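Computed from a predicted structure; not experimentally measured. Protein chains get the first letters and strands the later ones, always in sequence-line order, with residue 1 at the start of each.
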Amino acid sequence: MRMSTLFARTLREAPAEAEAASHQLLLRAAFIRKVASGIYTTLPLGLRTMRKIERIVREEMDASGAQEIRMPIVLPAEPWKATGRWQAYGELMFKLKDRHGREMGLGPTQEEVVTPLVAGEFSSYRDLPVTLYQVEWKYRDEFRPRFGLLRGREFLMKDAYSFDRNEDGMRASYAVMFEAYKRIFDRCGLDFRVVEADPGQIGGGVNHEYMAITDAGEDHFLYCESCDYAADLEAATPMRPLALTEGPELEPLTDIHTPNAPAIAAVAALTGKPESRMLKTMLYDAGGRTAAVVVPGDHEVNEEKVARLFFPTPVRLFDEEDFGKRGFVKGYAGPQGMSPEVVVIADHSVRAGSNWVTGANAVDHHVAGANVDRDFRVDRWEDVVQAAPGDLCPVDGGALQLGTAIVVGHIYQLGTRYSKPLEATFIDEDGSQKPYVMGCYGIGISRILAAVAEQCHDDSGLKWPRSLAPFDAAVIPTNMDQPAVVSAAEGLYAALADLGVDAVLDDREATAGVKFADADLIGYPVQLVIGKRGIEAGTADLKLRATGERSQAPLADGAQAAKTLLEAAP
RNA sequence: CGGGACGUAGCGCAGUUUGGUAGCGCGCAGCGUUCGGGACGCUGAGGUCGCGGGUUCAAAUCCCGCCGUCCCGACCA
């Protein structure tokens, strides 16, 4: 490809709307252009890199035995209503009506399409397992599109779905994908980590996220300082403390006057006790019933975890009216004296403490010396706490540290979450009809583009790993008015093509500085420079973008030297 | 949707406070000089000042409404 004809105008300055490094650089280097908030056109350079990511994904999917299909983007609403996701997704789903008034949606993922598809084709356990995948554009009407390709409203995703006859089969299919994903992200040159995750809207049980490590990420995870445990911040489950058998002596329950102290911090200041010695009691409505959720004062309640305890009954935090109507005092709630109708749910960590300070259920009053069983009842011991840095690792008790990352892949063991409501069944060996046991597996292709840009760049621009670069190398003639320079560059460009190196020839009538700056910005792994000086000395200059390392080669060996350098590139 | 900010030429910005009919840099076109890290000179093209309404002799500037965009929060690849 010749730069003089390539549809790519680089920008010296980043548009003001771009904040994230990947967003700025992908705009400046002419990989993408914005059409609307969260919606982008992919330019030739961007599309080349995107295709390389796709190819890696397809190769690993195919090698894992998955088969590619292609499903529609415009989908009828009915199956989505059957699985409850029409409502669960809500406004996040792009919804439209056809001319007959039928409700349709743009696909944010495709379980509702692929599940009936398989059910219609395969009806025997003999047909299973099967894993299908596609690479297709996905649509989510995000509340806040952000950071260019990192959170768009339209994004390219590889989504795969496995169908098995039982849980063991599902776990085996899952394990195959689990490994394939690692190979994919390795090949994309990403620094990533696999973490246990929260299933979110997709549903299901065991699931993992593949996190590309970068400070620019929106996602946080906790990892153990001393073992392999790592989990999404929302999903992390701190070690369950053992119940106290003999602890400090139980103090008597005493009332303390705490004027104007509805917040934990204020009570801590007033009593001189740390927040970790307080109990926080959050009140929720779960389908009309009151749930009191109790966690130590220095932690937050993880509402996702609470919601899961009551699923499918919706759970919501008390509003101002609920407090008065149900006889509670906002800011002074405590677990003691709860009526039998209230479900008292305590986090496991509450077991480990004694002599708590907590609300007295009266304005301006708390109690000290509150103890489980003696002073308050706990109906359910559950994991409801939002884990925090410093909590103990559930595997080996090591301290948990906070990491920041971009989620580039997410895999789920779905079980029968979709096959049951969609009545997607097969006949098992014993003649009985059973729902498929499914898994689903997503990779954000367009997001990888941005994640790699986020991880691989410097002040001058992008530094693509060789596997993803839009071109392998740039051939840069520095003096277009010198026929000897131009013909040498043309010769090396042709020789590179013969060696299978996909290069660009920067044949623009621009100064050398402009060409160098653009080559650095776009991020070709190797630059091959031919100038007047080099022609006279019989040499070509080479630069490895990843390290900035420069070298020289005899002009006649320039192409081979560039190829060798490329093969050594990261 | 809640909180904050912005919208002036392809991009980055000034001008708005204090109304007088639009400017700078980059980029773009032409000519000349340059030519190994975003060259220089001269000339030139390019703007319904986001949109609609109002106030005024006069609005980019003041007022009202709408739209768009970005940043901080709750969702996800």
Side-chain angles (χ1 to χ4, degrees), chain A residues 9-20 23-24 27-28 30 33-39 53 57 88-93 108-109 135-160 181 185 197-202 207 209-212 217-219 232 234 303-304 317 405-412 440-451 460-461 476-482 485 508-521 527 529-537 540-541 543 548 550:
Chain A
R9 309 313 301 264
T10 57
L11 305 175
R12 190 176 291 210
E13 291 169 291
E17 68 200 25
E19 184 85 357
H23 191 193
Q24 292 189 356
L27 285 167
R28 285 188 55 210
R33 288 290 179 258
K34 190 180 77 167
V35 172
S37 180
I39 298 179
I53 300 168
V57 168
Y89 260 102
E91 306 243 280
L92 190 59
M93 192 160 172
T109 71
V135 176
E136 193 50 81
W137 291 91
K138 297 286 184 282
Y139 296 83
R140 287 181 197 167
D141 194 1
E142 294 284 348
F143 295 107
R144 181 146 94 89
R146 241 189 299 209
F147 305 141
L149 259 34
L150 282 178
R151 174 178 302 282
R153 292 193 290 175
E154 181 190 68
F155 55 98
L156 189 60
M157 177 163 123
K158 186 285 302 178
D159 45 326
Y181 270 44
F185 298 122
D198 183 277
Q201 296 283 14
I202 307 281
N207 68 107
E209 284 173 331
Y210 292 74
M211 296 269 199
E218 292 186 89
D219 297 282
D232 188 285
E234 294 299 317
E303 298 194 355
E304 284 291 319
L317 195 61
I406 297 164
V407 177
V408 288
H410 199 162
I411 61 178
Y412 307 78
C440 86
Y441 317 89
I443 287 182
I445 306 246
S446 47
R447 184 179 274 186
I448 288 177
L449 186 70
S460 305
I476 302 174
T478 59
N479 315 80
M480 293 303 289
D481 59 341
Q482 304 271 322
V485 170
R508 294 176 298 172
E509 295 286 347
T511 59
V514 170
K515 296 185 182 184
F516 294 148
D518 274 349
D520 286 347
L521 176 60
Q527 296 171 22
V529 182
I530 300 94
K532 196 167 63 173
R533 280 183 345 217
I535 293 287
E536 286 161 5
D541 295 332
K543 176 177 165 183
R550 295 164 195 275

*Asks:* If we take the C1' atom in both U18(B) and C64(B), what is their distance in whole Å?
*Replies:*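 Approximately 22 Å lies between the C1' atom of U18(B) and that of C64(B).
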*Asks:* Both distances under 3.5 Å, Watson-Crick or G-U wobble: report the partner of C57(B), or none.
*Replies:*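 WC or wobble partner is G20(B).
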*Asks:* Just checking Tyr441(A): base, sugar-phosphate only, or nothing, at a heavy-atom cut-off of under 4.0 Å?
*Replies:* nothing
*Asks:* Who are the salt bridge (charged side-chain N to carboxylate O under 4.0 Å, His left out) partners of Lys158(A), not counting sequence neighbours?
*Replies:*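 Testing Lys158(A) for salt bridge (charged side-chain N to carboxylate O under 4.0 Å, His left out), a comparison that skips the adjacent residues, returns none.
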*Asks:* Could you tell me how far apart Arg153(A) (CZ) and C75(B) (P) are, to the nearest whole angstrom?
*Replies:*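 Rounded to the whole Å, the gap is 19 Å.
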*Asks:* Which residues satisfy the salt bridge (charged side-chain N to carboxylate O under 4.0 Å, His left out) test with Glu303(A), sequence neighbours excluded?
*Replies:*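 Not a single residue meets the salt bridge (charged side-chain N to carboxylate O under 4.0 Å, His left out) criterion with Glu303(A).
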*Asks:* Where do Leu156(A) and Ser446(A) come nearest, in terms of heavy atoms and distance?
*Replies:* N-OG, 2.9 Å
*Asks:* What is the distance from CZ of Phe185(A) to P of A77(B), rounded to the nearest Å?
*Replies:*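 About 12 Å, once rounded to whole Å.
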*Asks:* Could you check how far CD of Glu234(A) sits from P of G73(B), rounded to whole Å?
*Replies:* 13 Å
*Asks:* For Lys543(A) and Asp520(A), run salt bridge (charged side-chain N to carboxylate O under 4.0 Å, His left out): C-alpha distance rounded to whole Å, both residues' side-chain angles, the deciding distance at 0.1 Å, then the answer.
*Replies:* CA-CA 10 Å; Lys543(A) 176 177 165 183; Asp520(A) 286 347; 3.0 Å; yes
*Asks:* Across the strands shown, which category fits Lys158(A) at heavy-atom distances under 4.0 angstrom: base, sugar-phosphate, nothing?
*Replies:* nothing
*Asks:* Tell me, please, which residues at least two apart from Asp518(A) pass salt bridge (charged side-chain N to carboxylate O under 4.0 Å, His left out).
*Replies:*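 Checked Asp518(A) against salt bridge (charged side-chain N to carboxylate O under 4.0 Å, His left out); matches are Arg508(A).
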*Asks:* For nucleotides 37-43 of chain B, which of its nitrogen or oxygen atoms have a protein nitrogen or oxygen under 3.5 Å away, and what is each distance?
*Replies:*
unit_1, atom_1, unit_2, atom_2, d
G37(B), O6, Arg550(A), NH1, 2.9
G37(B), O6, Arg550(A), NH2, 3.0
G37(B), N1, Asp520(A), OD2, 3.0
G37(B), N2, Asp520(A), OD2, 2.2
G38(B), O2', Arg12(A), NH1, 2.6
G38(B), O2', Arg12(A), NH2, 2.7
G38(B), O6, Arg28(A), NH2, 3.1
G38(B), N1, Asp518(A), OD1, 3.3
G38(B), N2, Asp518(A), OD1, 3.2
A39(B), OP2, Thr511(A), OG1, 3.3

*Asks:* Among residues at least two apart in sequence or on other chains, which ones pass side-chain hydrogen bond (donor to acceptor under 3.5 Å, both in side chains) with Glu218(A)?
*Replies:* Arg146(A), Arg151(A)
*Asks:* Taking only the P atom of each, what is the distance from G30(B) to U48(B) in whole angstrom?
*Replies:*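 After rounding to an integer number of Å, I get 24 Å for this pair.
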*Asks:* Taking the nucleotide of RNA chain B with the closest heavy atom to each, which residue, Leu150(A) or Thr478(A), is nearer the 5' end?
*Replies:*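 Of the two residues, Thr478(A) wins.
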*Asks:* Suppose you measure atom P in A45(B) against the same atom in G50(B); what distance do you get, rounded to whole Å?
*Replies:* 24 Å
*Asks:* Once the angle between the rings of Tyr181(A) and Phe185(A) is folded into 0 to 90°, is it parallel (under 30°), tilted (30 to 60°) or perpendicular (over 60°)?
*Replies:*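 Plane angle over 60°, so perpendicular.
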*Asks:* Given atom CD of Glu19(A) and atom C1' of A5(B), what is their separation to the nearest angstrom?
*Replies:* 12 Å
*Asks:* Under a 3.5 Å cut-off for both contacts, is U48(B) paired Watson-Crick or G-U wobble with anything, and if yes, with which nucleotide?
*Replies:* none
*Asks:* Provide, to the nearest angstrom, the distance between the CG atom belonging to Asp481(A) and the C1' atom belonging to U34(B).
*Replies:* 9 Å
*Asks:* Who is the Watson-Crick or G-U wobble partner of U34(B), with both distances under 3.5 Å?
*Replies:* none
*Asks:* Pick the P atom in A14(B) and in C62(B), then give their distance to the nearest Å.
*Replies:*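 Rounded to whole Å, the distance is 15 Å.
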*Asks:* Between Gly409(A) and Ala20(A), which has a closest nucleotide on RNA chain B that is more 5'?
*Replies:*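 This one resolves to Ala20(A).
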*Asks:* Can you see if the side chain of Arg9(A) gets near the phosphate of C28(B) - specifically, an N or O under 4.0 Å from OP1 or OP2?
*Replies:*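 True: Arg9(A) side-chain N/O within range (under 4.0 Å) of C28(B) OP1/OP2.
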*Asks:* Please measure how far the C1' atom in C51(B) lies from the corresponding atom in G68(B), and state the result in whole Å.
*Replies:*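 10 Å, rounded to whole Å.
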*Asks:* Mind checking Ser37(A) for me? I need base, sugar-phosphate or nothing, with any heavy atom below 4.0 Å counting as a touch.
*Replies:*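 Answer is sugar-phosphate: Ser37(A) comes under 4.0 Å of backbone atoms only.
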*Asks:* In Watson-Crick or G-U wobble terms, both distances under 3.5 Å, what is the partner of A5(B)?
*Replies:*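 For A5(B), the partner nucleotide comes out as U69(B), under the 3.5 Å rule.
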*Asks:* Considering Watson-Crick and G-U wobble pairs with both distances under 3.5 Å, what does C26(B) pair with?
*Replies:* G10(B)
*Asks:* Select base, sugar-phosphate, or nothing to describe what Gln482(A) touches, counting heavy atoms under 4.0 Å on all strands.
*Replies:*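 Touches nothing.
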*Asks:* Looking only at atom P, what distance separates A60(B) and G7(B), rounded to whole Å?
*Replies:* 15 Å
*Asks:* Could you check how far CD of Glu13(A) sits from P of C24(B), rounded to whole Å?
*Replies:*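 From Glu13(A) CD to C24(B) P: 17 Å.
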*Asks:* Starting at atom CD of Glu536(A), determine the distance to atom C1' of G36(B), rounded to an integer number of angstrom.
*Replies:* 12 Å
*Asks:* Just to be sure I understand the rule, does Ala18(A) reach a base, reach only the sugar-phosphate, or reach nothing, if contact means heavy atoms closer than 4.0 Å?
*Replies:* nothing
*Asks:* With heavy atoms under 4.0 Å as the rule, sort Asp159(A) into base, sugar-phosphate or nothing.
*Replies:* nothing
*Asks:* Examine the base of C35(B) for any acceptor or donor lying under 3.5 Å from a partner atom in the side chain of Asn479(A), and report the outcome as yes or no.
*Replies:* no
*Asks:* Can you tell which of G36(B), C70(B), C11(B) lies closest to the side chain of Val529(A)?
*Replies:* G36(B)
*Asks:* From the set A74(B), A77(B), C75(B), return the single nucleotide nearest to any side-chain atom of Met157(A).
*Replies:*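 The answer is A77(B), which lies nearest to the side chain.
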*Asks:* Considering only the C1' atoms, how many Å lie between C75(B) and G2(B), rounded to the nearest integer?
*Replies:*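 Looking at atom C1' only, C75(B) and G2(B) are 15 Å apart.
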*Asks:* Any idea which of C28(B), C71(B), A77(B) is nearest the Arg144(A) side chain?
*Replies:*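 That would be C71(B).
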*Asks:* Classify Gly152(A) by what it touches in the nucleic acid, base, sugar-phosphate, or nothing, heavy-atom distance under 4.0 Å.
*Replies:* base
*Asks:* Counting only heavy atoms not in Arg9(A), do more than 12 fall under 6.0 Å of its CZ?
*Replies:*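 No, the 6.0 Å shell around CZ holds no more than 12 heavy atoms from other groups.
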*Asks:* Given the P atoms of G32(B) and G37(B), what is the spacing between them in whole Å?
*Replies:*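 One P to the other, the span is 25 Å.
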*Asks:* Which residues satisfy the salt bridge (charged side-chain N to carboxylate O under 4.0 Å, His left out) test with Arg153(A), sequence neighbours excluded?
*Replies:*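 Per chain and number, Arg153(A) pairs via salt bridge (charged side-chain N to carboxylate O under 4.0 Å, His left out) with Asp141(A).
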*Asks:* I need the Glu209(A) CD to Ile411(A) CD1 distance, nearest 0.5 Å.
*Replies:*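 The CD atom of Glu209(A) sits 10.5 Å away from the CD1 atom of Ile411(A).
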*Asks:* How close or far is atom P of A77(B) from atom OH of Tyr139(A), stated in whole angstroms?
*Replies:* 17 Å
